[in-house]
Amino acid sequence: MEDATTALVATDTAWLMVACAMVLLMTPALAFFYGGLVRRKNALNTMMMSFASLGAVGVVWAVVGYSLAFAPGNNFIGGLDYAFLRGVGLEAEGTIPHLLFFAFQGTFAIITAALISGAIAERMRFEAYLAFITLWVVAVYAPVCHWVWGGGWLHQMGALDFAGGTVVHVNAGIAAVVAALVVGPRRDHGRQAMLPHHVPFVLLGTGLLWFGWFGFNAGSALAADATAALAFVNTLVAPAAALVAWMILDRVFTGRVTAVGAATGIVIGLVAVTPAAGFVSPMSAIVLGALATGPSYWAIMRRSRSRLDDSLEVAAAHGLGGLTGALLTGVFATAAWGGVDGAIAGDWRQLGVQTLAVIAALVYSGGATFVLLRAIGAVLPLRVEDGQERVGLDVPFHGEQAYVDGDGALLTIPRPIEGRRLELRGPQPVSTATVQVSDI
Amino acid sequence: MEDATTALVATDTAWLMVACAMVLLMTPALAFFYGGLVRRKNALNTMMMSFASLGAVGVVWAVVGYSLAFAPGNNFIGGLDYAFLRGVGLEAEGTIPHLLFFAFQGTFAIITAALISGAIAERMRFEAYLAFITLWVVAVYAPVCHWVWGGGWLHQMGALDFAGGTVVHVNAGIAAVVAALVVGPRRDHGRQAMLPHHVPFVLLGTGLLWFGWFGFNAGSALAADATAALAFVNTLVAPAAALVAWMILDRVFTGRVTAVGAATGIVIGLVAVTPAAGFVSPMSAIVLGALATGPSYWAIMRRSRSRLDDSLEVAAAHGLGGLTGALLTGVFATAAWGGVDGAIAGDWRQLGVQTLAVIAALVYSGGATFVLLRAIGAVLPLRVEDGQERVGLDVPFHGEQAYVDGDGALLTIPRPIEGRRLELRGPQPVSTATVQVSDI
Amino acid sequence: MEDATTALVATDTAWLMVACAMVLLMTPALAFFYGGLVRRKNALNTMMMSFASLGAVGVVWAVVGYSLAFAPGNNFIGGLDYAFLRGVGLEAEGTIPHLLFFAFQGTFAIITAALISGAIAERMRFEAYLAFITLWVVAVYAPVCHWVWGGGWLHQMGALDFAGGTVVHVNAGIAAVVAALVVGPRRDHGRQAMLPHHVPFVLLGTGLLWFGWFGFNAGSALAADATAALAFVNTLVAPAAALVAWMILDRVFTGRVTAVGAATGIVIGLVAVTPAAGFVSPMSAIVLGALATGPSYWAIMRRSRSRLDDSLEVAAAHGLGGLTGALLTGVFATAAWGGVDGAIAGDWRQLGVQTLAVIAALVYSGGATFVLLRAIGAVLPLRVEDGQERVGLDVPFHGEQAYVDGDGALLTIPRPIEGRRLELRGPQPVSTATVQVSDI
Amino acid sequence: MKLITAIIRPDKLNDVLEGLFEIDVHGLTITRCLGHGGELESVETYRGMTVKMELTEKVKIEIGVSDPFVEKTVDAIVQSGRTGAVGDGKVFVTPVSDVVRIRTGERNQDAVTPTSYPVSAAF
Amino acid sequence: MKLITAIIRPDKLNDVLEGLFEIDVHGLTITRCLGHGGELESVETYRGMTVKMELTEKVKIEIGVSDPFVEKTVDAIVQSGRTGAVGDGKVFVTPVSDVVRIRTGERNQDAVTPTSYPVSAAF
Amino acid sequence: MKLITAIIRPDKLNDVLEGLFEIDVHGLTITRCLGHGGELESVETYRGMTVKMELTEKVKIEIGVSDPFVEKTVDAIVQSGRTGAVGDGKVFVTPVSDVVRIRTGERNQDAVTPTSYPVSAAF
Ligand SMILES: Nc1ncnc2c1ncn2[C@@H]1O[C@H](COP(=O)(O)OP(=O)(O)O)[C@@H](O)[C@H]1O
Ligand SMILES: Nc1ncnc2c1ncn2[C@@H]1O[C@H](COP(=O)(O)OP(=O)(O)O)[C@@H](O)[C@H]1O
Ligand SMILES: Nc1ncnc2c1ncn2[C@@H]1O[C@H](COP(=O)(O)OP(=O)(O)O)[C@@H](O)[C@H]1O
């Protein structure tokens, strides 16, 4: 971040623009991944939680988030030099325009915040959620990002996190657990089967996420070089392996290869390879992708029977997937492929550093998220009313339904027929005869 | 357009290919944005209006549209030198192959024509629509494009239109108003509530539009340089700010943050930043995006109560959004960020030029669209029959329904059972007994 | 493949990464294209056939497929030098990292295998399908790919196949015919109307396919040069022309412009231009795109009345489209545009070579696919049971439904109320009184 | 006590609802359905397959009313649901032997006659 | 006058329709529904949640017929809708006290008997 | 022989199903529908258009039962479907003149009384 004397490289600029657009697309993709998993009556609310992050986090990142993460500061947090994008211009930051680096990082912040929404789907008040993610990016994401990528203490210790296993996935995963606990389980949790209302949307989200993830991982090389190509290829093979592994697990344990499972497997492969992408060989990435499905599969099978209502499995998929990936990075990394030597290459030290980084993220993010949610909860109710949860959040909070026929929808703007009806509807004497009819 | 002596730059070629593919994707994205907003019975017709533009406009652009816009000509229209792509080859046009420049511009023409379809959705005959957009691109889009980007009079006056606020959005917006007036309102307009049948599709369209818009705006730099990066970043932050502003407006005025509103807000932010993208600082873009929501919000709230049935708000979103953006470009532009100095930088002259460009587009496009539609209407009926409008346009015009169960669908090709039925169905004596049964 | 002494070019690396991501997206896109065309009860199974290819073929390609196609070998098949990616690293292969070339080719193998699934949709056992595509890529795709692109005999004869008309589309098309014949028609084929359950998904798939196809065709230049730009532009104009041609055919022969037809037309235009993309002028591409619709239109109209249940028209769209494109490449190619001179330029020899290449692919792929399916069929049943076909494959094979309301879905994990019910449900004396009620 | 079951055109639903509300019929249930009758069936085409759609979209309205109101209710439906073209639908009146309000358990006429209709709540 | 309500398998719908058209029953209304009966329920799995689907997809056909045709109609349904496996469904016959054709306002038997069925229009 | 038609809240459906299974009612058919009653209608907003949704989602359950079981069944529905808030729904009991099982062609009481309910197959 310090060296701004280098010159712009057009190829890197082009590649980072493309990568950044791809990462931006991941947030709408997540909206579909999550939106398909909830019940129809909450589809829009769930999708809006992702979309709203594009606005709220996008703006707060420009205002102050980026500065806290990347402006010169101390070991724990950046300064305010870049607040309101002061001093962030088109000069080179590495080999790309500083503003483009800001934007690329912004798309990471946006999706990390949106990831958490899966844990509190179908029951959190939309206003409270907006307040939460806005503050969370400032108070939790920006510091952790600074530690690892902004020159902070984990960076200095040599923690490897190529594209965000710790910063993005472990961070969001533990925040998800805390949020699910603080907001509490859905009223139907453990009592009713709450089924995904639209599995094709889950697959659509998965396809677009995978596409965007190439930008996420290979873009994190911040240049169109061999490292980027390595990260790119690993982002192809690791999820392929994870998908195969998940299909086998599913077939063995439930007897059938589910589509939601396949989607989950792909995502876990993507998550797990994120911290490792530029540091391990493709064959290692294949093994890593396949291995990472184990813990997450186990966790998902257990979770649904537990009291923890992490509704869309953020902790199991992203938290645990990111954690496994971060640790396995310490195992599989080799200097030959651009990392430092990890356990397999004979050096166990890196695994220790990785573990420390994960623990630090778990502790800080978990604690700060808890405090933040309690603080917001003291001002605004976090949770919808029981009746709202029963009819679904779409109508009470968004005034819309996802899929509408229009049956029985009457316009309320004044018009001839409406005028006539309004007059009918004032308080008026009701004859018993009338009552008989209407009151059956 | 004149200087063809420069050499190809591979990076710019690569970036423009990507940008062009992204812009192409915007038309299917628009199909979903629009298709989700109409009633189920018109979903395919509405989507097909966008898809058909990919074919009809794509071909006519190669045949003659590109030439009229960009071939050497006079101040008002290009010549026919490039008709049928004569002389358009792989030689450098700027730093990219001329053919690639043609293709990039073609994707702009395609989506501009498709934008208009939102104004006459659910009631215009498909054949008449095809004739209309094909001719419109030749008679309206190509000239206006020539004025601003092809070396025409507005270009010479120094009008700033980075990626098409005037050429694309104001142009399509006013054409939409005229089309809605000439074709007339839907029979249910103002009488029935016509609700979006599939809001997730609206969000899907929005996500893909945003993704594609990075190519639209940053690609308009025609190179992978710092200007492209600036346009890129502005395309990220302006819609984010517009989204936040829209959510606040919605919350204040209707009490609820609607998903359709969020989608609209994002699109308006994108539209408004289009003319300004490469000329203003990101903080200005944020302000511009937020400000632009005001007029459009007001217009949408009013429009639905008016007689103007611009069904999917093309005028309010694109026309007014583009207009606001074009004028604000004259306010926020600064030479320091690549534009010329605008009102805030102390020079009010640019605002005057911008106003003139907008007015010219409004007058010419409005007038020519009117004449064109009247002319087509003299040959073909513009409007579907009442009965077709009632059952929806999908079956009468496309012979399909968007979502089918197959209940009661009988094959009509000859087959054993069908043979038996056909024979039953010829004219035959009908006993009263039979009648009793079937005629209840 | 031989010359590995060249150096990496960053621009080509960047472009190929983008192109590869775009091609990857085509497989999910295909899932939606195909998924929308089947009946609701088979939607997930059909989509999963594409998604599963991402895993199964992705992994087998790394393990052995790539090596058989591209490692040094004889005229008919590559060796095992690259098995398990041995020796495939970040060194330059042409101007891009070898691994990136592997990945780019991998995405082609993935989608080619997935294409076949359209022919046996709604009736093939999922396990048998997985075994089939995995082995097919090794035994059929890799050799044919080696012949044409890996330095094999067709390559040496000078067969032109820019991006896979023969390797991908003819190959998949004939395999589809064979698979449809071996697995047999659906029980309702020719007896019931089996309608596309979700036409918007077909359009969504089409839009994303077109987007990805830019990477497919222009990426096949393996560099961001003028040839790539030519292939790119042809990938824009040929499908546009094919779309127009198809809409006209549809209007003339059925009286209505169908949306499924429009989608089909676009895909056929894309398929047909694939072998020609970097060898013909854009005006030729327009003619080629339009011409290619003829045979496929005719085939689709006939096929549905025949006994061949190639359910989603893989043969007509991809097989025949690819064949027409491959032959027309021999007609329209000119040395001036980067190919060799074809028939129109006066040299009929190339047309002969093209014909030979197509025939070779038809014979080998057809035969080997037959043997392969018979072999698998000897071990595993290829076909679902009659009852499974009747209720649809989603529940029996994937344990899920695509769209769920949750009505009547009861959790089976132990919980208070469940405990009570379980006890009720053991074998118990049934009074006739009880029977009276429940047994109506 | 009778159950009135009307099959109407979907695009007349809102008109029929308004017609019913006007005569103060406020309790009703509607269901989307498909009907076959004298209407011309539509022909659809999918990739070379020509298909006759024998069923048209309809809406079914079910209304439980006390005997004296049957006439009035049927009339309201017939008047507000008519377009005059084939396919307007049918009204069936069937006997009901018992009615229960789930919320209170009130039964039959008892459950119906005395309660005063909560006008304000209903709108 | 009777209302025949049949619950059948969705994949037998087209067969039943053809069976009914053959005996010249052309007025009918169908609705998608879900049924529970003697069929084995299916088990589905979603991310570790195992779920018993107690309901299977069915289609309901409602047909108003005059009394002499009840038998014939029921027989046609039973014959064309049968597969022999559990889950084929039921037919209920219920009395109707009144029928009205919305298009004309014709009522009852009157509305039914004399009109000649427009054969050509119906196909 | 009676047909019981209940309109209930969708979120009470599983409770009602369990209530019915407990008293060994296993044959039933349900349909998604929309109801209008005393409930407050919801207001939705779409781009400046304010819309009153006069209809709320409901589920209709239809159960054919022999006369002696009508009471028991209605009670089960009322008890398991009640929330106490306006909108819980109604139960209608209507006479049935005939019942046929499509699989066997068995008719009426005959079709019903003697057969022993296949407990194991049903679960
Ligand atoms: N006998 C019947 N039983 C049940 N529903 C019927 C019957 N006849 C007609 N319908 C319903 O009424 C609708 C309109 O009937 P149709 O005969 O087409 O028109 P009309 O009532 O105007 O003569 C049909 O689509 C069907 O849903
Ligand atoms: N008593 C009933 N009331 C209403 N519908 C019923 C009744 N019994 C069965 N059904 C309907 O009939 C369908 C098939 O019934 P089932 O008992 O499974 O088969 P079968 O009639 O072959 O014995 C059920 O899914 C349900 O929709
Ligand atoms: N007269 C009626 N005929 C048919 N359905 C009715 C009738 N009255 C009510 N319903 C159905 O019952 C539902 C609940 O009725 P409502 O009057 O709102 O509540 P409650 O029964 O608690 O007073 C309605 O939404 C409607 O579906």
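Note: hydrogens, waters and symmetry copies are ignored here, and every other heavy atom, side chains too, is used. Chain letters run A, B, ... following the sequence lines, proteins first and then strands; every chain starts at 1.
Heavy-atom distances place both the backbone and the side chain of A409(C) under 4.5 Å from chain A. Contact annotation for A29(C): neither backbone nor side-chain heavy atoms come within less than 4.5 Å of a heavy atom of chain A. Heavy-atom distances place the side chain of E127(C), and not its backbone, under 4.5 Å from chain A. Residue I96(C) does not touch chain A at all, counting heavy-atom pairs closer than 4.5 Å. Interface residue V260(A): backbone and side-chain heavy atoms are both found under 4.5 Å from chain C. Only the backbone of V88(C) comes within contact range of chain A, with at least one heavy atom under 4.5 Å from a heavy atom of that chain. If you measure heavy-atom distances from W337(A) to chain C, the contacts under 4.5 Å come from the side chain alone. Residue A218(A) touches chain C through its side chain alone, counting heavy-atom pairs closer than 4.5 Å. Heavy atoms of L195(A) lying under 4.5 Å from chain C belong exclusively to its side chain.
With no hydrogens or angles considered, a side-chain donor-acceptor pair links H197(C) and Y403(C) at under 3.5 Å.
Residues F162(A) and F279(A) place their aromatic rings such that the two centres sit under 6.0 Å apart.
Per-residue counts of heavy-atom pairs under 4.5 Å with chain C were compared for A259(A), A224(A), G207(A), S281(A); the largest is that of A259(A). Of the listed residues (L236(A), V244(A), V257(A)), the one with the most heavy-atom contacts under 4.5 Å to chain C is V257(A).
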